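Reading through the structure tokens given below for one structure.
Below, chains carry the letters A, B, ... as their sequence lines are ordered, and counting in each starts from 1. Remember, predicted model here, so these are calculated numbers, not experimental data.
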Protein chains: 2
Amino acid sequence: MATIYEVAALAGVSPATVSRVLNGAAVSPEKVRLVRDAAEQLNFTPNRTARRLRNQTSELIALLIPDVENPFFTALARGVEDRAQSAGFSVVLCNTDDDPAKETRYLDIANSENMAGVILAPSSEDGDIRHLTDRNRPVVAVDRNTGLNIDSVMVDNRAAGIAATSALFDAGYSRVACIAGPLGLEWTEERSLGWRQVVSRRGDGDGVVRPEYIQHANYRVDGGRAAMAALLALDNPPDAVVTTNNLMGVGALQVLSEAGITPPEFGVAVVGDLPFSTLSPDAITQVHLPARHLGTTAANMLLERIAGDTQPARTVVLRAALTQGATPAVRR
Amino acid sequence: MATIYEVAALAGVSPATVSRVLNGAAVSPEKVRLVRDAAEQLNFTPNRTARRLRNQTSELIALLIPDVENPFFTALARGVEDRAQSAGFSVVLCNTDDDPAKETRYLDIANSENMAGVILAPSSEDGDIRHLTDRNRPVVAVDRNTGLNIDSVMVDNRAAGIAATSALFDAGYSRVACIAGPLGLEWTEERSLGWRQVVSRRGDGDGVVRPEYIQHANYRVDGGRAAMAALLALDNPPDAVVTTNNLMGVGALQVLSEAGITPPEFGVAVVGDLPFSTLSPDAITQVHLPARHLGTTAANMLLERIAGDTQPARTVVLRAALTQGATPAVRR
DNA sequence: ACACTCCAAGAAATCGGTTTCGTCAATAGT
DNA sequence: ACTATTGACGAAACCGATTTCTTGGAGTGT
């Protein structure tokens, strides 16, 4: 690969001048032409590693997400990339598998790679980002809270749970269950709290929430399947269900379909999007999480910090948008 | 961030010795201890940028895919990452949007970032990877062919199309249509050729393939929707359909569901996986493309090249595995 | 006891850019 | 006409590792 020295030699100038041409500093028009010609001729591309070592920064942003196979996170990644791209930054996507050790490893890499900043969907509340913040590298949390004093972009999970549940009652269902993720994860707890809040007010139990109507499962497709199967096996099964994320929604719908039940017959509201649902998209109530927007917003905040913004840490809370599914014909 | 010089000063040795300790060269046990203690105390992490500038390589692999939001490519990415991870490499995921310009940009970045190698799902047949190959950086093509003489990992697309179509005839359907992607893309052309081959032999047209039974659409969900709607509107509609990828399959199934038709009633075979199908996974015939395996295989080949393997370019062709969907009760 | 080998470890070069510093010439000001 | 100012541009330092070269001291053989 050609270096700046070879370009300088060919153009008959010093390496410093070549650098100045590349970076738009003051150089006489005639030397600019000489350097451009030489660079062209040698097919010169500046070595980013060398540039980075000197500048102590790069146009690289790390994005740490728990799972690239989850459409929610890929949509988020898309948002980050679009925004970063247009600002001349590239995005390095890293899978943490919700494993704090992997997360720490990637954070260290981001640091020692001199990346410009990090957008993090944290796997735990107390990740160690001191290495980065010590060096003034901005970190933005997205989708999940940390105990740290950093910028963050969140979704109003409680409101999302409330919206999903209310929509089912509005559609005429009365026995609304909930398929929630494991205990101890804030996002699912908040969403199921939203469910609980609505059910205790509008449910048929006079303010009492049936404990068997909330199922905790792992938050993946198989978890949703198991939970839905359990709900259908109850003595007094529900007539509708809220799932606190997209994947469990998929599992629940699969089990329903296997039992010969199709949505308006049994109400389903999903907190999250089902981009690859094989049902008609408007058969199901979806609380669309603004995944992509979450990404662009986080990227924006990060880019502002990279540009030198030093205002105190901000938290932006975005709201989800509901699309109402079909309503059951009999109840009309 | 602490540097090797500060560690050296604290330990009372030279920077060279610190480097030797870090890289396992011969150093007396007592100095090893001194250096380790100093490094620990300063919370030292070696600067990868500096290391990379000197070594002219890094433990970074670029993976260029057309679309992170497509589950096929995320599964592939997962495979690459798993393999890379276990060999101590990190993966940089880049979206090309099937845009040759973006692809070229990322290839240049991979080059000037001194990345160890590139795995590429090429957007066109004639991408320019000379910058990389000139510097002896291995490139492996995956999923799609290039005109270049490099390692590649492919799927037997023709066989996949044949398998999908045959499975529908085996299940008792007789008027099998095909929803294919746009003309000119090898993967979809091959798969639809497989369909044509089976239909001309087993279809009800005595070797003649009805031209209206092959619909070309864009290869996304909306394309599948449009194509399925067109098929249903025919005077003599098909009783089953093959789609040449996962996303068009989703679209087709949505339209069927909206028309009140559920799979065993109308045969659907998808070349590709439907990880988020809301139907029971075994209601539909799927030709499972080994996406993840494609990724691990490509990563393996790349790692071998990085390690110095210089044998002539290889092409590995993987085969898809069929899972038969439910068969229509009436035809039994 | 003396020459020779061997090995640990420091000094210095290196990777390829960017940037500071200093020089020299051209222009402006009085 | 002579000094002050400005601007282009080369020389050299710098970023933080790794590695070659070199040196000095310990160990070995006769």
Side-chain angles (χ1 to χ4, degrees), chain A residues 1-36 38-39 42-60 108-109 111-116 131 134-137, chain B residues 1-36 38-39 42-60 108-109 111-116 131 134-137:
Chain A
M1 197 168 57
T3 73
I4 206 175
Y5 295 93
E6 301 171 45
V7 174
L10 183 60
V13 300
S14 76
T17 300
V18 177
S19 174
R20 286 192 262 257
V21 170
L22 297 175
N23 296 291
V27 175
S28 69
E30 131 204 55
K31 302 223 163 175
V32 169
R33 195 183 47 72
L34 282 170
V35 169
R36 290 219 187 289
L42 294 173
N43 216 328
F44 170 75
T45 318
N47 183 315
R48 289 171 165 244
T49 304
R51 167 179 290 174
R52 173 142 75 187
L53 176 60
R54 172 68 216 222
N55 290 351
Q56 299 287 298
T57 187
S58 63
E59 279 72 49
L60 234 44
D108 278 348
I109 291 181
N111 185 42
S112 67
E113 290 275 359
N114 286 325
M115 295 196 187
H131 280 199
D134 284 357
R135 292 182 66 204
N136 232 346
R137 300 294 189 213
Chain B
M1 198 169 58
T3 72
I4 206 176
Y5 296 92
E6 301 172 44
V7 174
L10 183 61
V13 301
S14 76
T17 301
V18 176
S19 174
R20 287 192 262 257
V21 170
L22 296 174
N23 296 290
V27 176
S28 70
E30 127 204 57
K31 304 226 160 179
V32 169
R33 199 183 44 73
L34 281 170
V35 169
R36 291 217 187 288
L42 294 173
N43 216 330
F44 170 76
T45 318
N47 182 315
R48 289 169 165 246
T49 303
R51 168 179 288 174
R52 176 137 104 210
L53 176 59
R54 173 66 216 222
N55 291 350
Q56 301 286 299
T57 187
S58 64
E59 278 73 49
L60 233 45
D108 278 348
I109 290 181
N111 184 42
S112 67
E113 289 277 358
N114 286 324
M115 296 198 187
H131 280 199
D134 283 357
R135 292 183 66 205
N136 233 344
R137 299 294 188 211

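Neither OP1 nor OP2 of D:dA11 sits under 4.0 Å from any side-chain N or O of A:Ser14. OP1 and OP2 of D:dG16 both lie 4.0 Å or more from every side-chain N or O belonging to B:Thr3. In terms of phosphate contacts, A:Ser28 brings no side-chain nitrogen or oxygen within less than 4.0 Å of OP1 or OP2 of D:dG7. Contact annotation: B:Lys31 does not reach the phosphate of C:dC7 (side-chain N/O to OP1 or OP2, under 4.0 Å). Phosphate proximity of C:dA8 to B:Thr17: absent, as no side-chain N or O sits under 4.0 Å from OP1 or OP2.
Evaluated for a side-chain contact (heavy atoms from CB on, under 4.5 Å) with A:Val18, the options A:Leu10, A:Val27, A:Val7 yield exactly one hit, A:Val7.
Among pairs with a residue in residues 47-60 of chain B, those fulfilling salt bridge (charged side-chain N to carboxylate O under 4.0 Å, His left out) read A:Glu113-B:Arg48, A:Glu113-B:Arg52, B:Arg52-B:Glu113, at least two apart in sequence or across chains.
Residue B:Tyr5 places its side chain closer to D:dG16 than to any other of D:dC9, D:dG16, D:dA11. Across D:dA17, C:dT18, C:dA12, the shortest atom-to-atom separation from the side chain of B:Ile4 is found for D:dA17. Proximity note for B:Ser19 (side chain, C-beta onward) versus C:dG10, D:dT18, D:dC9: the nearest is D:dT18.
Remark: A:Leu53, A:Arg54, A:Gln56 in residues 42-60 of chain A come within less than 4.0 Å of DNA chain D through at least one heavy atom.
Atom C1' of nucleotide D:dC14 and atom CG of A:Asn114 are separated by 14 Å, given to the nearest angstrom.
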Original post:
Can you check side-chain contact (heavy atoms from CB on, under 4.5 Å) on B:Val32 and B:Ser28, steps first, answer last?
Top reply: CA-CA 6 Å; B:Val32 169; B:Ser28 70; over 6 Å; no
**OP:** Would you check, one step at a time, whether the test side-chain contact (heavy atoms from CB on, under 4.5 Å) holds for B:Asn111 with B:Arg135?
**Re:** CA-CA 8 Å; B:Asn111 184 42; B:Arg135 292 183 66 205; 3.0 Å; yes
Original post:
Run the side-chain contact (heavy atoms from CB on, under 4.5 Å) check on A:Ser112 and B:Thr45 step by step: do they pass?
Top reply: CA-CA 7 Å; A:Ser112 67; B:Thr45 318; 4.2 Å; yes
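Atom-to-atom distance recorded for B:Ser14:OG and B:Arg20:CZ is 6.0 Å, nearest 0.5 angstrom. From A:Asn114, atom CG reaches atom CD1 of A:Ile109 across 13.0 Å, with rounding to the nearest 0.5 Å.
Remark on the helix from C:dA1-D:dT30 to C:dT30-D:dA1: inter-end axis angle 40°, axes from five-pair C1' superpositions, rounded to 10°.
No contact: A:Val18 has no heavy atom under 4.0 Å from any strand. Here A:Ala2 lies in heavy-atom contact (under 4.0 Å) with sugar-phosphate atoms only. At the heavy-atom level, B:Ala16 lies under 4.0 Å from base atoms of the strands shown.
Closest non-hydrogen pair, A:Phe44 versus A:Ala2, comes out as CD1-O, 3.4 Å. Residues A:Met115 and A:Leu60 share a closest heavy-atom pair of CB-O, 3.5 Å. For B:Ala8 against B:Pro15, the heavy-atom pair with the smallest separation is CB-N, 3.6 Å.
B:Ala11 meets the side chain to side chain contact (heavy atoms under 4.5 Å, CB included) test with B:Val13, B:Leu34, B:Val35, B:Ala38; sequence neighbours excluded.
Side-chain atoms of A:Ile4 and A:Pro46, non-hydrogen and from C-beta on, never get closer than 4.5 Å to each other.
When atom types are taken as modelled, the side chain of B:Thr49 and the backbone of A:Leu53 share no donor-acceptor pair closer than 3.5 angstrom.
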Original post:
Can you give one letter per nucleotide of nucleotides 21-27 of chain D, going 5' to 3': B for a protein heavy atom under 4.0 Å from the base, S for sugar-phosphate only, - for none?
Top reply: -------
For nucleotides 25-27 of chain C, print each protein N/O atom paired with a nucleotide N/O atom at under 3.5 Å, atom names and distance only.
none

